[in-house]
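Worksheet for the structure shown next.
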Amino acid sequence: MTKKERPRPEKLSVYLYIPNIVGYMRVLLNCVAFAVCFSNKTLFSLLYFFSFCCDAVDGWCARRFNQVSTFGAVLDMVTDRVSTACLLVVLSQVYRPSLVFLSLLALDIASHWLQMYSTFLAGKSSHKDVKDSTSWLFRLYYGNRIFMCYCCVSCEVLYIILLLIAKNQTENLLNVVVSTLTQISPLSLLLASTIFGWSMKQTVNIIQMKTAADVCVLYDIEKQQKKP
């Protein structure tokens with residue numbers, strides 16, 4: 001073996017990277033959580049939020065042990081999107097109008113899918129590379145880890161709270177939120193503190209979807225112009 005040659009990792013070894021094993025644990029935790037989401041809301045909330053927190057753990061492990069992989073990044077994003085999607089589907093069965101949560105689900109999936117595809121078209125290595133965006137909020141979201149973390153945590157915590165405070169499966173969303181906010185309690189304060197971060201996350205999703213769609217359209221235009 002020459003000095004320039006490096007040992008090629010086996011396919012199985014990538015699957016067994018520590019951050020990827022953490023990712024498998026997240027999937028398992030979510031499976032158990034959603035199995036009890038209606039029968040035991042407290043257990044569901046603990047398992048779901050612990051799985052969500054492990055998102056940061058697998059990222060730390062990837063950097064700490066130098067085990068960054070494309071498979072791990074995809075597993076991480078798919079787990080995030082599917083977990084949030086399932087929770088939104090559950091909330092759509094609890095609250096009325098259910099279209100609110102189904103619309104949020106569609107926005108979340110569409111914006112991230114378009115962002116990933118536009119990243120591929122633009123030849124970028126990461127979907128978080130938005131330095132060339134004209135939107136300051138979009139750049140702030142992906143450029144500032146603290147702000148991004150606040151928005152993501154606010155979003156997930158808000159959804160968990162909504163599930164916890166629902167007393168039956170025919171709740172009116174607006175009535176429940178207003179009723180909770182008007183009460184002086186730690187829960188109402190927590191709910192109020194998450195609404196701003198949640199609204200920022202949805203705004204970013206809208207910007208992300210429009211920006212990514214523009215990249216796809218411009219790609220088509222440039223491809224047409226290159227034709228003889």
Side-chain angles (χ1 to χ4, degrees), residues 15-91 94 101 104-105 107-109 111-112 115-116 126-128 140-166 180 185-202 204-205 208:
Y15 283 118
L16 295 180
Y17 277 178
I18 294 175
N20 294 343
I21 293 176
V22 175
Y24 307 147
M25 291 175 57
R26 291 186 64 203
V27 173
L28 181 60
L29 285 170
N30 279 321
C31 288
V32 176
F34 283 105
V36 299
C37 63
F38 289 113
S39 59
N40 193 330
K41 292 181 180 179
T42 301
L43 179 59
F44 164 81
S45 301
L46 292 173
L47 291 174
Y48 183 91
F49 191 70
F50 182 67
S51 172
F52 174 74
C53 292
C54 285
D55 184 17
V57 175
D58 62 18
W60 180 86
C61 289
R63 294 185 295 272
R64 174 65 176 80
F65 299 104
N66 193 26
Q67 293 183 338
V68 178
S69 65
T70 301
F71 170 73
V74 173
L75 174 65
D76 188 46
M77 174 171 280
V78 170
T79 302
D80 288 342
R81 302 281 64 76
V82 172
S83 300
T84 302
C86 289
L87 181 51
L88 287 170
V89 169
V90 169
L91 290 172
V94 175
F101 297 103
L104 290 171
L105 187 159
L107 174 62
D108 188 61
I109 293 178
S111 66
H112 283 84
Q115 178 67 6
M116 288 296 293
S126 172
H127 69 282
K128 297 179 181 179
L140 175 64
Y141 180 79
Y142 279 118
N144 189 306
R145 285 183 176 271
I146 296 177
F147 180 67
M148 183 181 183
C149 180
Y150 165 68
C151 292
C152 291
V153 171
S154 294
C155 197
E156 299 298 333
V157 170
L158 174 62
Y159 295 151
I160 291 174
I161 291 175
L162 288 178
L163 181 63
L164 287 173
I165 63 179
T180 304
S185 67
L187 185 62
S188 64
L189 294 175
L190 180 60
L191 179 62
S193 67
T194 61
I195 290 177
F196 177 75
W198 170 85
S199 63
M200 289 294 98
K201 180 72 165 61
Q202 306 317 309
V204 168
N205 279 344
Q208 179 170 259

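The structure displayed is predicted, hence computed values, not measured ones. When a residue number appears, it is its place in the shown sequence, counting from 1.
If you check the side chains of Ser83 and Asn30, you find a donor sitting under 3.5 Å from an acceptor.
Two residues are said to be in side-chain contact when any heavy atoms from C-beta on lie closer than 4.5 Å; Phe34 and Leu47 fail this criterion. At least one side-chain heavy atom of Asp108 sits less than 4.5 Å from a side-chain heavy atom of Lys201. In this structure the side chain of Met200 never reaches within 4.5 angstrom of the side chain of Cys155, judged on heavy atoms. Residues Cys151 and Val204 are not in side-chain contact: their nearest non-hydrogen atoms beyond the backbone lie 4.5 Å or more apart. Contact of the Tyr15 side chain with the Ser69 side chain is not registered, since no non-hydrogen atoms from C-beta on lie closer than 4.5 Å.
Once rounded to the nearest 0.5 Å, the distance linking SG of Cys37 with CD1 of Ile160 reads 12.0 Å. Note that CZ of Phe52 is 11.5 Å distant from CG of Leu87, once rounded to the nearest 0.5 Å. In this structure, the separation between OH on Tyr48 and SG on Cys53 is 11.0 Å, given to the nearest 0.5 Å. A distance of 8.5 Å separates SG in Cys149 from CD1 in Ile146, rounded to the nearest 0.5 Å. Here the OG1-CD1 distance, from Thr194 to Ile161, works out to 5.0 Å after rounding to the nearest 0.5 Å. The structure places CG of Leu163 at 9.5 Å from OG1 of Thr42, a figure rounded to the nearest 0.5 Å.
In this structure Asp55 satisfies the salt bridge (Lys or Arg N to Asp or Glu O under 4.0 Å) test together with Arg26, sequence neighbours excluded. In this view, Val57 and Val22, Cys61 satisfy the side-chain contact (heavy atoms from CB on, under 4.5 Å) rule, not counting sequence neighbours.
Using the six-membered ring where Trp is involved, Phe71 and Tyr24 have ring planes that are tilted, between 30° and 60° apart.
Under a cut-off of 6.0 angstrom, the local environment of CE in Met25 is sparse, with at most 12 non-hydrogen atoms contributed by other residues, nucleotides or ligands. The neighbour count for Phe50 CZ, taken as heavy atoms of other residues, nucleotides or ligands under 6.0 Å away, does not exceed 12.
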*Go through the steps to decide whether Leu104 and Trp198 satisfy the test side chain to side chain contact (heavy atoms under 4.5 Å, CB included), and finish with yes or no.*
CA-CA 11 Å; Leu104 290 171; Trp198 170 85; 3.9 Å; yes
_Test side chain to side chain contact (heavy atoms under 4.5 Å, CB included) applied to Thr84 and Tyr159, step by step_ = CA-CA 9 Å; Thr84 302; Tyr159 295 151; 4.2 Å; yes
*Check step by step if side chain to side chain contact (heavy atoms under 4.5 Å, CB included) holds for Tyr17 and Phe65.*
CA-CA 9 Å; Tyr17 277 178; Phe65 299 104; over 6 Å; no
*Would Phe101 and Val90 count as a side chain to side chain contact (heavy atoms under 4.5 Å, CB included) if you check the C-alpha gap in whole Å, the side-chain angles of each, and the deciding distance to 0.1 Å?*
CA-CA 9 Å; Phe101 297 103; Val90 169; over 6 Å; no
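For the residue pair Ser154 and Ser193, the shortest heavy atom distance occurs at OG-O, 4.3 Å. Minimum interatomic distance between Phe44 and Ala33 (heavy atoms only, all atoms of both residues): CD1-O, 3.1 Å. Listed here is the closest heavy atom pair of Leu75 and Asn20: CD2-O, 3.9 Å. When every heavy atom of Gln115 is checked against every heavy atom of His127, the shortest pair comes out as NE2-O, 2.8 Å. Residues Leu191 and Leu158 share a closest heavy-atom pair of CD1-CD1, 3.1 Å.
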